[in-house]
Amino acid sequence: GAGGGGYGGQQGYSEERNSARRVADHYSARSNQTLEERENSPIIHLKKLNNWIKSVLVQLYARPGDCVLDLACGKGGDLIKWDKARVGYYVGVDIAEGSIKDCMTRYNGDTDQQRRKKFSFPARLICADCYETRLDEYLCEDAPFDICSCQFAMHYSWSTEARARQALANISALLRPGGTFIGTMPDANVIIKRLRETDEMEFGNSVYWITFGEEYNEKKFPASRPFGIKYKFHLEDAVDCPEWVVPFHLFKLLAEEYDLELVLMKNFHEFVHEYLQKPEFADLMRRLGALGDGRSVQSTLSQDEWEVSYLYLAFVLRKRGPPPSQ
Ligand code: SAM
């Protein structure tokens, strides 16, 4: 089990720190795209699909008036989704200073692109390492939260057991009993399967590649060292940094230690199949532009984009305990 003694094989502390910095610097350095650049991106339909998946999660699990904690919030791309769900309060935390600045700008609505009515909820934005720091100390006045979201970022905590535990301890400490934790991250099953299908230590297509280091030549990942399994991820026009494999069964076990129970886990392909059946979500997909006229999602995205979406999963967990009485 995941309890007690813990797992061996941790990386050195300073190497670990450097990896977190590299991730932060990578995201900080990414500049804002113009609308035109965005529309010309080779992964524009994938980005739209990802936004749809996050919107569906928000619509399914957020309630009006909710207090929201957005871990690894990035440039605040999800602010509008939370606004549509009419949440009451928003706290965003990210390690990348540049992203927090952009998020602030977006919240204040003072860029040309973002000229829009102000958001209807108050917000607080914090620059911090969510997987290193005890966030309850920063956020004691804001907690408890009704819902916590960690989109495309949970896997950055899996570099060491200590960081993975700090991530889950933070979420658990800040959520109210009965509160919800929603997120998206790479699907380790798919990644390891792809790796084993090739003769190389690398695989990908025209829009992404993943490279594992020579230390994994055997393509075996000992159960005794389920943290710190590093690969390099490159996604055209989006990501280029080290990431870590998150074995899902372990994520589930570790989360349970922190009173977070699994409610749902679906690979993106399955998620699309299931929720696209609902007319309101199909409409949303059309409005977002990830569903061309009369076409399926598969044929709106390029084959290579569709393959990338298969590398991800969505999850929902619930903090144990009865929700507070009304
Ligand atoms: N959640 C946003 C979204 O869905 O658009 C951003 C996703 S982006 C792929 C990953 C984000 O994780 C980046 O903004 C990065 O700075 C953030 N991140 C990575 N490691 C982090 C850490 N240790 N603490 C806080 N944020 C982190």
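Counting starts at 1 for both ligands and their atoms, in listed order. Worth saying up front: this structure is predicted, and the values here are computed from it rather than measured. Just so you know, residue 1 is the first one in the sequence shown, and it goes up from there.
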So, the side chain of [X] versus the backbone of [Y]: is there a donor-acceptor pair under 3.5 Å, distance only?
X    : Y    : answer
D94  : I126 : no
D66  : R63  : yes
H269 : W306 : yes

So which protein heavy atom does [atom] come closest to, and at what separation?
atom                    : result
atom 24 (N) of ligand 1 : C130 N, 2.9 Å
atom 11 (C) of ligand 1 : D94 OD2, 3.9 Å
atom 26 (N) of ligand 1 : I95 N, 3.2 Å

Quick one: which ligand 1 atoms are inside 4.0 Å of a heavy atom on [X]?
X    : value
G74  : 6 (C), 14 (O)
R163 : 23 (N)
V23  : 19 (C), 20 (N)
A153 : 12 (O)
K54  : 3 (C), 4 (O), 5 (O)
A128 : 24 (N), 25 (C)
Y131 : 21 (C), 22 (C), 23 (N)

Ligand 1 contact on C73 by region, counting heavy-atom pairs under 4.0 Å: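 The backbone, only.
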Going by distance only, is there an N or O of [X] that falls short of 3.5 Å from an N or O of ligand 1?
X    : result
A72  : yes
D70  : no
F152 : no
Y27  : no
D129 : yes
Q151 : yes

If the plane angle is over 60° it's perpendicular, under 30° parallel, otherwise tilted; pick one for F233 and Y231.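 Aromatic pair F233/Y231 classed perpendicular.
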With a sphere of 6.0 Å drawn around CD of E197, does it hold more than 12 non-hydrogen atoms of other residues, nucleotides or ligands?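 Correct, the count exceeds 12.
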Among F315, Y61, Y258, F145, ring-ring contact (aromatic ring centres under 6.0 Å, His included) partner for F181: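 With F181 as partner, ring-ring contact (aromatic ring centres under 6.0 Å, His included) holds for just one option, F315.
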Pair R165 + E257: basic N to acidic O under 4.0 Å: yes
E132 to ligand 1, any heavy atom closer than 4.0 Å: no
Would you please determine whether A20 falls within less than 4.0 Å of ligand 1 on a heavy-atom basis?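 It does not, in that no heavy atom of A20 comes within the 4.0 Å cut-off of ligand 1.
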Are L254 and F221 co-members of a hydrophobic cluster defined by side-chain heavy atoms under 4.5 Å apart?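 In one cluster with F221: L254, yes.
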In terms of hydrophobic clusters joined by side-chain contacts under 4.5 Å, are I44 and L301 together? no
Under 3.5 Å, which donor-acceptor pairs link side chains of residues 182-193 to any protein atom two or more places apart or in another chain?
unit_1: T184; atom_1: OG1; unit_2: Q151; atom_2: OE1; d: 2.7
unit_1: T184; atom_1: OG1; unit_2: F152; atom_2: N; d: 2.9
unit_1: D187; atom_1: OD1; unit_2: N189; atom_2: N; d: 3.1
unit_1: D187; atom_1: OD2; unit_2: N267; atom_2: ND2; d: 3.0

Report the C-alpha distance between D78 and K54 in whole Å, list the side-chain angles of each, state the deciding distance to 0.1 Å, and finish with yes or no for salt bridge (charged side-chain N to carboxylate O under 4.0 Å, His left out). CA-CA 8 Å; D78 294 343; K54 293 191 288 179; 2.9 Å; yes
Between F121 and Y89, is the ring centre distance below 6.0 Å?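 No, the ring of F121 stays outside the 6.0 Å limit from the ring of Y89, centre to centre.
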